Each structure stands twice: as structure tokens, then as C-alpha cells.
J.: 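Once you've had a glance at the structure underneath, I'll fire off some questions.
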Amino acid sequence: MGSYFKSTYEYTKSRKNFGKQPLFQNVSAHILDSINPDYELQKQYILRNPVHREVQATSPQMEHESNTKQVIKHEQGINHTEGGWPRDVHLYNEEHILRHRRRIQHEENYVHSVLNLRHSMEHFIDQNNAIDMYQAYYSDMEPQAPVEEYKVQIANVFRDPFLRPISSIVWTNDKKSKVIASYCYKTYSIEPDINQNNICYVWDVNRQTTPIYEFSPNTTCWQVVSSPVESDVIVAGLSIGTINIFDIRSGPKPITSSSIYHSHLGPITALLYTHSRTNTEFFTGSLDGQCLWWDRRNISNPIDQLSMSVRYPADEEPNLTNSEGISSLQFDKGLPTKFLCGTESGLVINANRMGRSHSEILTSYWVAHTGPVRSVHRSPCTLRMFITCGDWNVKVWSEEVRSAPIIVTKPYQHQITDVSWAPLRYSCYMVVAADGVFNYWDLLRKYKQPVASLNISDHGLTKVAPHPEGESIAVGDNYGSLFLLHLSDNMIYPGVNDKQLMHQIYERETRREHILDARLREIRLKARMEQEPSIIFPEETTDTENLEAEEELYFKIVKEEISITDGVFPTANFSAI
């Protein structure tokens, strides 16, 4: 070992530079300085007699006792979903409700109950008549244009670290809603890629750094939906056609899965909850051309199956070989037995589960787009109107018109990937396209162009999902980014007459299409009649001479016939005739 050298540093300073040395010691008190009084100010000083004054610094209080009526409070629960309807009456089935009302009206106690309510109803009517509840204030003022402009802002961005495209977006049914997103490359193969990451996320809208929950399906997830009652229960539709059910409280792994032998034969492209008493039933659609209905409590076997076959030869039965591949589904609780199905071949099929035969279930269909129908949604204004998107167009349809859509937007420069109606504003819908632009349309304000547009991403948008209250919009792109958009108030809440005006537009456009359809049939019939050879009928002769000649010929033939049978019938004298 080498020798050790200690490093030192010396700092020197002269003693005279240290300053005066302080010396502390105890000494007696002595005066350092004295200030004499000002005699001029002393002459202005005036002596006063003592003054006594009382000051109250607290607020005045008083005590009062009174005997009031005792208010008795008690808690009572009620099921607002079913209300006072019996169990055998379906709340969303109008026929059940009308049948129940007729049965109640024919009971003997019905008349007495109505008569007993007469006095209380007259009391309430008199109270309402005493106050003008429906008085219109400031009706003479001229309406002014809204001050706020149409504005769309990006409030937050949630990014996927694996940069996978977003395949599905759904909002949870909570007071503080969360966003559930599934990520995958929509490529179908018999042998799935085991190296591909299958993790999906649940995001809190107020925290963008990390997701609050993660769940991992068995394979890539194409569709996801949250339970309308339990937001912690998530149903995922996979690329191999099976179903995974997750409870995020119990962990990221599925708690149950469907059997591959009793599931779809292709990827699940649509997944929606249906209306049921237990809120546990849902149905799925797939590229194999069939819809399967499931019960979340037991998904070992589907509870119902329907093949979407509408175009098949007369000598064949509906089956999976002649069915249409499903690309999107739509279900509304206002029509619990009906749903719309968009297919890969561009059709929109109207289905009614109350039908007995296959033709009664699949009642009609529309030829909507060239290629797959990427999305279909019924209008919140009227359930008879729905919107579809596919190829480069967005179309609005009416169930009363089979031949053509009632409203068609101009073609976009890029393919349309998703469309959705605004939840509260009846005349508005939103569109996302492959160029990364978000478009917001208002049919009452601007008919030929969107009222607001925003370029969100450079990688192309895939999905759009508005919040049920309409304030926030979730949009996903092909690079794993989930954008949270905020809209201005005039894009969220409807106007006073928006619903009525939208009904007028619907009726006007529907009537116009009926007129055009009838005129088109007339033109086709006229063209067909011109192509067919006309039949020339001989003109009727009214000449009296020809009539007399025909009459003589007739009687001559009769006489010859009678002469042949002479001996059986006597000869008649026709000259008198």
C-alpha cells in the first residue's frame, strides 16, 4: 500500500481585521439621554371631569316559545322502474298497458274510485286556476341570436402506452361516469397472436396519467359494454367469438367465459344490453351472420339465436350459409322487441322478435351503403327515424320510406368511421372520419355543412361516444389516444321548439320521398307500357242492317237444330217472333 498523505488548507487573517473585541459585564442603570417636554403643547392640554359610558358589544337576543303542529317524518321506498304496475304487465309494451287499463276500467270499483277523487281534484284545479301558472312573460320581446358561438375543446387526452387502435368506447352508468375503452387491431385470423397485448382500461375523466382499472381478456377485445345497474361488471366480446365477463372489484381476469363451441364463429362486432327485469340480458352480433342472446348469470349456452338471412333462394331455408355478416347493432328501450342490424353488405335490417316465423321477425331491410354499415342509431326525437354511416356518406332514414333515405349529406373526402346522435339536442349529430376531423351537425341551423369542426388527431378517428348528459364526448383514434371533448352550452341543450321543428322536418322529408317514389313508379309503368306491343280491339258496329242480318242468321241456325230433333220437340213458329 502507498503512503497516506493528509490534505490540509490554511487560511490566515490579521488580528486587526477582526474588529473590536466585545467585553460584556454587569453595570448599574444610568441615563444615556433625556428628552425634555414641549411647553407649547403642554399649554394646550385641558383637564376634564371623569366620564362614565356603557358599551354593549353583543347582538340582542330574545327567547320566545310557541306550540306548533308536530311534523312526523318517515322513510318509504318505491321502485320507480316498475311503479305501480303488476308483474305481468310489461312497462314498455303498449299492448300490455292498454289491456291492463281496459281490465281495470271494466271493474265495478273503478267508477266509485273516480267519483271519490272528484272533490280532491276540484280542489287542486281551483288552486291552479287561482294562479296563472302558464303565463308567458316577455313574449313581446324580439328573439336574439345566441351570444355564445359553437365551440369544441379538447379537455383531456388518455393515451395507450402500446399505441393500439381503439375498437370500442362506452360510458359507465354512475354519478361520476368513467370511460371504458378496448384496444386492438381488427384483423381476424383462426390462430390469434399470443404476443399481442390484450389489456383494456377504465379511465377516470379527471385523471389522465394512469387508468384506475385494468382488465385483460383472453384474446383481443373488439367490443365492450358496461352493465346498466352494476358499473363494475363489464362484458367483453372477443375476436374468437366468445364472451368474457369481468368484475373489476375481483381483479383483471375474467370471472366467467362462454364456451367456444356455443359462441360465434367469427369476431364479435356488436354488443348491447337489452331490456329485462333483471338487467342481465344482452345480445351480440358477429361476422358469422347471427345474433345470439345471453344471460349474464349463465353464459354456457345462449338463450336465443337468429340468423340474419333476408336474401336467399325460395328453395332454401334461412341458415348461416345465406345470412348477412353483422357489422353493427342498435337497440332502444322505447322499442323493447325491435332492433336494427347493419350488415357487412351494406344492408340495414329491421327485426322484430315478436314475430313467429323468420319472415315476420326480419320484416324489411334497406340498401344503405356500399360496404359495411359502420354504425346505426335511432333518433332521440322520434324512433321512426334513424341515422347510418358507411363508405363516404351519412344518411338519415325513415321507417316509412323503403326506397331511399330522407336526408343525405354530401360525400366526405375520407371514409366515415362512426356517427352518433346528440343525446339531448334532437337536431344534432356528430361524425368522425379517417382524416382525424370531428364534425358536429345541426339540421335546424345549417343543412349543408357542419356547425363546428375540429381536427383532433393526425392518425384517423375510429369511435365516438357521447355522454348521456351530452356535456362530454369521448373520441378514439388509431394511435391509442382517447380524447375527451367539451361542447359549448348551445350544442348541449335543446331549444324550446327544437323537437317540434325536427318533427316537421321529418314529416316534410318523408312526404317528399313518398311523392318522388310514386312519381318514379308512374314513369317506370309508362316506359313499360310503351315497350309492350299494344292490342288493337275491333271497333263496335252500330249499324242496324248488320244487326238484322245477324238476327236472321241466329234464327236460321235455331230452326236447323229443331228440325234435327223433330219428333222430340215440336217445330216452333219463329215467324211470329
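Quantities reported herein were computed from a predicted structural model and do not represent experimental measurements. Residue indices begin at 1 and follow the sequence shown.
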J.: What I'd like to find out is whether the side chain of H377 reaches to under 4.5 Å of the side chain of Y429, using heavy atoms alone.
T.: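 Sidechains of Y429 and H377: no contact.
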J.: Rounded to the nearest 0.5 Å, what's the gap from CD1 on I180 to CG on L482? Could you check?
T.: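 CG of L482 is found 11.5 Å from CD1 of I180.
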J.: Check whether any side-chain heavy atom of W293 sits under 4.5 Å from a side-chain heavy atom of P302, and report yes or no.
T.: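 They are not in side-chain contact.
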J.: Side chains of P405 and V396, heavy atoms from C-beta outward: is any pair under 4.5 Å?
T.: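 In short, these two side chains do not touch, never coming nearer than 4.5 Å.
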J.: How many angstroms lie between atom SG of C291 and atom CG of L329, to the nearest 0.5 angstrom?
T.: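 Going from SG on C291 over to CG on L329, the span is 5.0 Å.
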J.: Would a 4.5 Å heavy-atom cut-off, applied to side chains only, mark V432 and I456 as touching?
T.: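 Contact flag for V432/I456 side chains = no.
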J.: Does the pair R296/E230 count as a salt bridge with the N-to-O cut at 4.0 Å?
T.: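 Answer for the salt bridge query: yes.
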J.: Between Y201 and F158, does the ring centre distance come in under 6.0 Å?
T.: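 Not under 6.0 Å, so no.
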J.: Would you confirm whether S286, through its side chain, and P267, through its main-chain N or O, come within 3.5 Å as a donor-acceptor pair?
T.: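 Yes, S286 side chain to P267 backbone: donor-acceptor pair under 3.5 Å.
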J.: Testing the basics here: between N439 and S453, what is the closest heavy-atom pair and its distance to 0.1 Å?
T.: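 That would be OD1-OG, 2.7 Å.
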J.: Check whether any side-chain heavy atom of V376 sits under 4.5 Å from a side-chain heavy atom of W366, and report yes or no.
T.: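 Answer no - side chains too far apart.
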J.: Does any N or O in the side chain of E360 come within less than 3.5 Å of the main-chain N or O of R356, such that one atom is a donor and the other an acceptor?
T.: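 Flag set: sc E360 to bb R356 pair under 3.5 Å.
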J.: Show the numbers, then the answer: is there a side chain to side chain donor-acceptor pair (under 3.5 Å) between S216 and N198?
T.: CA-CA 6 Å; S216 180; N198 303 325; 5.5 Å; no
J.: If we ignore angles and hydrogens, is there a donor and acceptor under 3.5 Å between the side chains of D418 and S375?
T.: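 D418 vs S375: donor-acceptor pair found between side chains.
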J.: Do any N or O atoms from the side chain of D477 and from the backbone of G480 form a donor-acceptor pair under 3.5 angstrom?
T.: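 Answer holds: yes.
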J.: Take R159 and S481 through the side chain to side chain donor-acceptor pair (under 3.5 Å) test and state the conclusion after the steps.
T.: CA-CA 4 Å; R159 304 187 186 277; S481 298; 3.1 Å; yes
J.: Please answer whether the main-chain N or O of D174 pairs with a side-chain N or O of S177 as donor and acceptor at a distance below 3.5 Å.
T.: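 Yes: the side chain of S177 pairs with the backbone of D174.
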J.: Taking N352 for the side chain and T363 for the main chain, is one N or O donor matched with an acceptor at less than 3.5 Å?
T.: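 Not a single qualifying donor-acceptor pair exists.
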J.: Between CG of L292 and OG1 of T284, what distance do you get to the nearest 0.5 Å?
T.: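 The OG1 atom of T284 is 4.5 Å from CG of L292, to the nearest 0.5 Å.
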J.: Taking the inter-plane angle between the rings of W397 and F386 on a 0 to 90° scale, is it parallel (under 30°), tilted (30 to 60°) or perpendicular (over 60°)?
T.: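 If you compare the ring of W397 with that of F386, the planes turn out parallel.
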J.: Assess whether atom CD of E317 is packed by more than 12 heavy atoms of other residues, nucleotides or ligands within 6.0 Å.
T.: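 Counting other residues, nucleotides and ligands, CD of E317 stays at 12 neighbours or fewer.
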J.: Are any of the side-chain heavy atoms of E399 and R378 separated by less than 4.5 Å?
T.: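 Yes. Closest side-chain heavy atoms under 4.5 Å.
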J.: Distance-only, no hydrogens or angles: does the T417 side chain make a donor-acceptor pair with backbone N or O of L461 under 3.5 Å?
T.: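 Yes, because the side chain of T417 sits within donor-acceptor range (under 3.5 Å) of the backbone of L461.
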J.: Look at the rings of F438 and Y440 and say which category their plane angle falls in: under 30° parallel, 30 to 60° tilted, over 60° perpendicular.
T.: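 Aromatic pair F438/Y440 classed tilted.
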J.: Supply the atom-to-atom distance S323 OG to R311 CZ, rounded to the nearest 0.5 angstrom.
T.: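 So the OG of S323 and the CZ of R311 are separated by 11.5 Å.
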J.: Look at the side chain of S182 and the backbone N and O of Q223, then say whether any donor-acceptor pair between them is shorter than 3.5 Å.
T.: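 Answer holds: no.
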J.: Of all the heavy-atom pairs spanning L265 and D288, show the shortest one and how long it is.
T.: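 Minimum heavy-atom contact is N-OD2, 2.9 Å.
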J.: I166 vs D160, test: side-chain contact (heavy atoms from CB on, under 4.5 Å). Steps then yes/no.
T.: CA-CA 9 Å; I166 294 180; D160 176 31; over 6 Å; no
J.: Kindly give the heavy-atom pair with the smallest separation between Y493 and E471, and that separation in Å.
T.: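 Heavy atoms of Y493 and E471 come nearest at OH-OE2, 3.4 Å.
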J.: For the residue pair H459 and Y479, does the interplanar ring angle fall in the parallel (under 30°), tilted (30 to 60°) or perpendicular (over 60°) class?
T.: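 Ring orientation, 0 to 90° scale: parallel.
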J.: State whether D232 and R249 are salt-bridged, where the test is any N-O pair (Lys NZ or Arg NE/NH1/NH2 against Asp/Glu carboxylate O) under 4.0 Å.
T.: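 Judged by the 4.0 Å cut-off on N to carboxylate O distance, D232 and R249 do form a salt bridge.
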J.: When you look at T409 and V431, which way does the side-chain contact (heavy atoms from CB on, under 4.5 Å) test go after all the steps?
T.: CA-CA 11 Å; T409 60; V431 182; over 6 Å; no
J.: Let me confirm one number: the NE2-CD1 distance from H262 to I299, rounded to the nearest 0.5 Å.
T.: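 Atom-to-atom, H262:NE2 and I299:CD1 are 12.5 Å apart.
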J.: Is the closest side-chain heavy-atom distance between K186 and S167 below 4.5 Å?
T.: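 SC-SC contact between K186 and S167 confirmed.
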J.: Of the non-hydrogen atoms in W222 and I268, which two are nearest, and what is the gap between them?
T.: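 For W222 and I268, the tightest heavy-atom pair comes out as CB-O, 3.2 Å.
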J.: Closest approach of R353 and F339, non-hydrogen atoms and distance?
T.: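 So the minimum-distance heavy-atom pair works out to CG-CE2, 4.1 Å.
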J.: Apply side chain to side chain donor-acceptor pair (under 3.5 Å) to residues D435 and Q413 and explain how you reach the verdict.
T.: CA-CA 8 Å; D435 58 348; Q413 295 182 355; over 6 Å; no
J.: N173 side chain to P228 main-chain N or O, any donor-acceptor pair under 3.5 Å?
T.: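 Pair found, side chain donor or acceptor close to backbone of P228.
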J.: Are side-chain N/O atoms of T172 and S226 paired as donor and acceptor at under 3.5 Å?
T.: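 No, no side-chain donor-acceptor pair sits under 3.5 Å.
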J.: Mark yes or no for whether N244, through its side chain, and N218, through its backbone, hold a donor-acceptor pair below 3.5 Å.
T.: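 Here the side-chain-to-backbone pair exists.
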J.: What are the two closest heavy atoms between I169 and G476, and how far apart are they?
T.: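 Closest heavy-atom pair between I169 and G476: CD1-N, 3.6 Å.
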J.: Counting C-beta onward and ignoring hydrogens, is there a side-chain heavy-atom pair between R374 and I416 closer than 4.5 Å?
T.: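 A side-chain contact is absent here, since even the closest heavy-atom pair is not under 4.5 Å.
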J.: Out of curiosity, S231 OG to K176 NZ, how far, rounded to the nearest 0.5 Å?
T.: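 So the OG of S231 and the NZ of K176 are separated by 13.5 Å.
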J.: Got a sec: does the OH of Y412 have more than 12 other heavy atoms crowding it under 6.0 Å?
T.: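 Atom OH in Y412 is packed in, count exceeds 12.
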J.: Side chain to side chain donor-acceptor pair (under 3.5 Å), that's the test. Do S307 and N319 meet it? Break it down for me.
T.: CA-CA 6 Å; S307 61; N319 52 50; over 6 Å; no
J.: Strictly below 4.0 Å, N to O, side chains only: are D442 and R425 in salt-bridge contact?
T.: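 Yes.
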J.: With a 4.0 Å cut-off, would you call R445 and D498 a salt bridge?
T.: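 Yes, R445 and D498 are salt-bridged.
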J.: Going through the distances and angles, do Y506 and C381 end up as a side-chain contact (heavy atoms from CB on, under 4.5 Å)?
T.: CA-CA 10 Å; Y506 169 75; C381 179; over 6 Å; no
J.: Assess the residue pair V401 and D517 against the criterion (side-chain contact (heavy atoms from CB on, under 4.5 Å)); give the C-alpha distance rounded to whole Å, side-chain angles, the decisive distance to 0.1 Å, and a yes or no.
T.: CA-CA 9 Å; V401 180; D517 193 17; 5.9 Å; no
J.: Donor-acceptor pair, T269 side chain versus I326 backbone, under 3.5 Å?
T.: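 Yes: the side chain of T269 pairs with the backbone of I326.
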